[in-house]
Amino acid sequence: MTTPSAATHDRNRVTVGVDGSPPSEGAVRWAATTAAGRGLTLHLVHAVDFSPASLLTPTPSSELPFFRPSEAFEWAEEDANALLTAAAETARAAAPDVHITTDIALTGSAKWLVELSHRSAMVVLGATGSTRLGELLVGSTPVAVVGHSACPVVVVRGAAPPVPDDRPVVVGVDGSALSEMAVEAAFEEASWRGVDLVAVHVWTDMRPGDVEASPHWFDPVAFEESEQALVSECLAGFGDRFPDVTVHRKTYVDGPRAHLKAWSEKAQLVVVGSRGRGGFAGLLMGSTSNTLLREAACPVMVVRPEAS
């Protein structure tokens with residue numbers, strides 16, 4: 001039976017935002033299997049939206065009757081509890097043994113989810129979706145949470161995964177300290193899932209073909225040697241820690257958005273960091289990450305440094 005959660009100060013739970021939309025249901029299923037497989041609690045949360053537009057927009061399941069302002073909270077709480085109950089049923093259908101807790105807040109979902117990230121192993125959100133009580137929209141809540149979370153954030157996108165799922169985990173690599181955190185998280189995910197890891201490195205954030213079209217001299221052999229050495233340096237040590245993970249290195253001259261989006265069509269998870277450096281900054285929580293959050297064909301995990 002689903003029980004309300006008490007405030008905890010550990011990270012033994014996967015927190016998932018619930019808003020009743022189909023993408024939210026996909027996020028709940030993904031989070032449920034992840035939590036159950038790792039022995040973590042699944043924490044289902046919903047933020048009540050009291051904006052006029054949300055209160056006056058009926059959902060397909062029921063029409064909003066005339067109400068007094070004093071009755072709005074009671075009505076909203078009932079609707080929120082119904083959403084969480086349905087989400088718990090979805091979770092148990094995906095992972096019957098998962099332990100579930102629930103919570104409701106009267107504050108903005110982004111701010112609350114950031115607070116919860118300090119007590120979570122990861123935060124999971126649907127790629128889009130909105131009801132009169134929710135606001136888990138790409139472009140608002142996920143982007144805000146990704147930008148401030150104290151734990152990894154997963155935005156679940158794409159079709160339901162095949163069973164079994166032997167597609168690889170893909171990680172963006174740029175040589176920075178934050179990229180190293182993303183690499184570590186990607187190794188952990190690949191190890192837990194029993195699949196290969198594809199490490200993708202792109203030299204510049206320029207569009208595909210721009211470098212080759214440039215009149216400046218470019219030596220592809222020297223490029224390949226240099227960038228492969230950088231990737232090897234970024235992956236050094238992880239092979240000893242995760243001997244069960246087979247790694248495939250992929251280096252490209254330009255076009256990080258295009259390459260990672262293409263890899264998302266063959267992956268079960270794409271992992272990127274929160275920021276980058278130099279010409280490759282767009283890969284790590286910039287234009288490339290935003291593109292992946294909107295357009296990737298699989299779930300996207302964004303890893304941030306922990307809050308001090």
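A quick note: this is a predicted structure, and the numbers were derived from the prediction, not measured.
- Judged by distance alone, with hydrogens and angles left aside, the side-chain atoms of R157 form a donor-acceptor pair with the main-chain N or O of R294 at under 3.5 Å.
- Residues L292 and V270 have side chains in contact (heavy-atom distance under 4.5 Å, counting atoms from C-beta outward).
- Of the possible donor and acceptor atoms, one in the side chain of S179 sits under 3.5 Å from a partner among the backbone N and O of D174.
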**Report entry** Criterion side-chain contact (heavy atoms from CB on, under 4.5 Å) on V16 and W30, from CA distance to verdict
**Finding:** CA-CA 9 Å; V16 55; W30 191 95; over 6 Å; no

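- Looking only at side-chain heavy atoms (C-beta outward), V48 and E77 stay at 4.5 Å or farther from each other.
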Report task. I would like to know whether V45 and I104 meet side-chain contact (heavy atoms from CB on, under 4.5 Å); could you show each step before the answer? Result -> CA-CA 6 Å; V45 301; I104 300 170; over 6 Å; no

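- Between the CZ atom in R304 and the OG atom in S117 there is a gap of 8.5 Å [rounded to 0.5 Å].
- For the pair D103 and L44, the minimum side-chain heavy-atom distance is 4.5 Å or more.
- For the pair R13/R119, a side-chain contact is recorded, criterion being any heavy-atom separation below 4.5 Å from C-beta on.
- A91 and V98 make their closest contact through O-CG1, 4.4 Å (heavy atoms, listed as atom of the first residue, atom of the second, distance).
- Remark: the backbone N or O of F242 is not paired with any side-chain donor or acceptor of S191 at under 3.5 angstrom.
- Side-chain contact check for D196 and H248: at least one donor-acceptor pair (N or O, by modelled atom type) lies under 3.5 Å.
- With hydrogens and angles ignored, the 3.5 Å screen pairs no side-chain donor or acceptor of S149 with any backbone N or O of P152.
- By the 4.5 Å heavy-atom criterion applied to side chains, V123 and C151 are counted as neighbours.
- Atom CG of N81 sits about 7.0 Å away from atom OG1 of T102, to the nearest 0.5 Å.
- Contact check on E184 versus R241 returns a salt bridge, with a Lys/Arg side-chain nitrogen under 4.0 Å from an Asp/Glu carboxylate oxygen.
- When all heavy atoms of P23 and A127 are compared, the pair lying nearest together is CB-N, 4.0 Å.
- The side-chain heavy atoms of V200 and V202, taken from C-beta on, include a pair separated by under 4.5 Å.
- Residues R38 and N12 are not in side-chain contact: their nearest non-hydrogen atoms beyond the backbone lie 4.5 Å or more apart.
- A distance of 11.0 Å separates CG in L84 from OG1 in T90, rounded to the nearest 0.5 Å.
- At a threshold of 4.5 Å between non-hydrogen side-chain atoms, the residues V170 and L260 count as touching.
- Using a distance-only test at 3.5 Å, with no hydrogens or angles considered, a donor-acceptor pair links the side chain of Q268 to the main chain of R167.
- Without hydrogens or angle criteria, T291 side chain to R257 main chain gives no donor-acceptor distance under 3.5 Å.
- In this structure, V303 is not a member of the same hydrophobic cluster as W192, with clusters built from ILVMFWY side-chain heavy atoms closer than 4.5 Å.
- Side-chain atoms of T101 and H43 form a donor-acceptor pair, as typed in the model, at a separation below 3.5 Å.
- V18 and H46 make their closest contact through O-ND1, 2.6 Å (heavy atoms, listed as atom of the first residue, atom of the second, distance).
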Query raised in the report: Which is it for T246 and L197 under the side-chain contact (heavy atoms from CB on, under 4.5 Å) test, yes or no, and what are the steps along the way?
Result: CA-CA 6 Å; T246 299; L197 176 65; over 6 Å; no

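- Results of the side-chain contact (heavy atoms from CB on, under 4.5 Å) test with V171 over V198, V271, L235 single out V271 as the only residue that passes.
- In summary, R249 and E233 do not engage in a salt bridge, as defined by a charged side-chain N under 4.0 Å from a carboxylate O.
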Report task. Test side-chain contact (heavy atoms from CB on, under 4.5 Å) on T34 and V124 and set out the steps. Result -> CA-CA 10 Å; T34 298; V124 182; over 6 Å; no

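- Under a 3.5 Å cut-off, the side chain of R11 and the backbone N or O of A121 do not form any donor-acceptor pair.
- For the pair A27 and V156, the tightest heavy-atom approach, listed with the atom from each and the gap, is CA-CG2, 3.8 Å.
- The backbone N or O of V169 sits nowhere less than 3.5 Å from a side-chain atom of R193 that would complete a donor-acceptor pair.
- Nearest approach of L269 to E189, heavy atoms of both residues: CD2-CG, 3.7 Å.
- Considering all non-hydrogen atoms of both residues, A182 and V272 come closest at CB-C, 3.8 Å.
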